[in-house]
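What follows is a short report on a single structure.
Heads up: numbering here begins at 1 and tracks the sequence.
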Amino acid sequence: MKFDSLTTRKYNLHSHTQFCDGRQSMEEILRAAIAEGMTLFGFSPHSPVPVYSPCNMTFEDVPHYFAEIERLRSTYGNQIEILASMEIDYIGNEWGPANPYFDTLPLDYRIGSVHFVPSAIDGTPIDIDGSAERFIKNMKEQFDNNIEYVVNAFFDASEAMVQAGGLDIIGHFDKVIMNGIEYDPHLADTALYRHRIERMIECIAAAGIAAEINTKAIDTRGRFFPDASLFQSIKRAGITLLVNSDVHFSNLVNFGRNQAFDILDKIHP
């Protein structure tokens with residue numbers, strides 16, 4: 001699905017509910033979106049994955065998710081357009097948005113995201129999202145305290161995911177910095193990180209997909225993903241930007257989005 005012709009700002013295309021790590025039901029979050037005046041809303045549970053992850057939906061729940069999509073469309077379809085998606089985790093060549101499994105599902109669009117980086121010890125997928133404390137613990141136990149390895153592994157996976165295809169939107173494509181700067185406060189200023197960000201923007205532009213501005217952590221982490229300092233470079237690359245709140249709670253369905261739009265409006269081509 002292409003989003004470059006989207007004319008409304010009354011949308012949110014990244015949300016999590018009872019089928020993964022969201023904290024409220026699909027209906028509760030949808031009603032909040034309607035109350036905010038939104039006219040387009042996308043549900044995007046963390047996709048099933050072939051490894052253990054308490055944050056991802058199960059394969060068994062997939063039919064129930066689509067059944068709930070249809071129920072909500074029949075109930076609220078005259079008030080808001082409802083889209084079915086998944087935030088699909090890329091876990092190496094064996095799993096990601098391009099996997100044939102997702103072709104069997106009635107998805108309106110696909111978000112591709114990287115949350116897992118292979119352990120430097122044994123290659124096991126390690127979740128780099130979540131708390132800084134867990135990340136720092138994993139830096140020692142899984143990554144041999146090598147932040148350059150983590151940065152390169154994250155962006156290698158991100159580039160491979162985009163090049164493999166199957167996604168319409170790339171989610172929070174600099175997410176590694178969220179906990180990375182808790183480990184190394186100067187990480188964002190390193191030549192390696194700046195180089196990988198520039199390459200990532202080029203990769204996204206070449207693929208012709210959209211990139212999201214994820215506003216979820218602007219209060220708790222003090223930054224958007226990607227960071228606001230990158231907005232101009234992304235726009236100049238011709239990439240369609242979508243502003244999503246990555247909502248897990250109904251009261252945050254529009255959180256941070258107006259702030260991001262305000263910054264975008266001040267950027268000149």
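Side-chain atoms of Y11 and N244 include no donor-acceptor pair closer than 3.5 Å. A donor-acceptor contact closer than 3.5 angstrom is absent between the side chains of N146 and E148. Between Q24 and S250, the side chains place a donor N or O and an acceptor N or O closer than 3.5 Å (distance only, hydrogens not considered).
Heavy atoms only, all atoms of each residue included: S15 and V247 are closest at CB-CG1, 3.3 Å. When all heavy atoms of I209 and I239 are compared, the pair lying nearest together is O-CG2, 3.8 Å. The two residues I121 and E141 make their nearest non-hydrogen contact at CG1-O, 3.6 Å. The shortest heavy-atom contact between F173 and F154 is O-CE2, 3.3 Å. The shortest non-hydrogen separation linking N254 to S245 is N-OG, 4.2 Å. Scanning all heavy atoms of the two residues, the minimum distance from K10 to T8 falls at N-OG1, 2.9 Å.
For F255, there are no ring pair (Phe, Tyr, Trp, His ring centres under 6.0 Å) partners, not counting sequence neighbours. Residues passing the side-chain contact (heavy atoms from CB on, under 4.5 Å) test with Q79 are I34, Y76, sequence neighbours excluded. Scored by the salt bridge (Lys or Arg N to Asp or Glu O under 4.0 Å) test, K216 finds no partners at all (sequence neighbours excluded). Applying the salt bridge (Lys or Arg N to Asp or Glu O under 4.0 Å) criterion to D156, with sequence neighbours excluded, gives R196.
We find that D129 and K175 are joined by a salt bridge, their nearest charged nitrogen and carboxylate oxygen being less than 4.0 Å apart. For the pair D246 and R257, the salt-bridge criterion is not met [side-chain N within less than 4.0 Å of a carboxylate O].
Aromatic ring pairs are classed by plane angle as parallel below 30°, tilted from 30° to 60° and perpendicular above 60°; the pair H115 and H172 is perpendicular. Between F59 and W95, the ring planes are perpendicular. Angles over 60° get that label, and only those under 30° would be called parallel. The aromatic rings of H46 and H16 lie parallel to each other, with less than 30° between the two planes, well short of the 60° mark. Using cut-offs of 30° and 60° for the angle between ring planes, the F3 and Y109 rings count as perpendicular. Between F143 and Y149, the ring planes are tilted. Angles from 30° to 60° get that label.
Judged by distance alone, the side chain of R199 and the main-chain N or O of F155 form no donor-acceptor pair under 3.5 Å.
Other residues, nucleotides and ligands contribute over 12 non-hydrogen atoms within 6.0 Å of the CG atom of D227. Heavy atoms of other residues, nucleotides or ligands lying less than 6.0 angstrom from CZ of R221 number more than 12.
Considering only heavy atoms from C-beta on, E81 stays 4.5 Å or farther from T39 through its side chain.
Geometrically, R71 does not engage F66 in a cation-pi contact, judged by NZ or CZ lying under 6.0 Å from the ring centre and within 45° of the ring axis.
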### Task
Quick one: do L187 and Y183 satisfy side-chain contact (heavy atoms from CB on, under 4.5 Å)? Show the steps, please.
CA-CA 8 Å; L187 180 61; Y183 180 81; over 6 Å; no

### Query
Given L13 and F41, is the side-chain contact (heavy atoms from CB on, under 4.5 Å) satisfied, shown in steps?
CA-CA 6 Å; L13 299 170; F41 195 83; over 6 Å; no

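The structure places OG of S85 at 6.5 Å from CD1 of I169, a figure rounded to the nearest 0.5 Å.
Every pair tested for ring-ring contact (aromatic ring centres under 6.0 Å, His included) that includes a residue from residues 199-220 fails, sequence neighbours excluded, so the list is empty. For residues 83-95, the set of pairs meeting the salt bridge (Lys or Arg N to Asp or Glu O under 4.0 Å) definition, not counting sequence neighbours, is empty.
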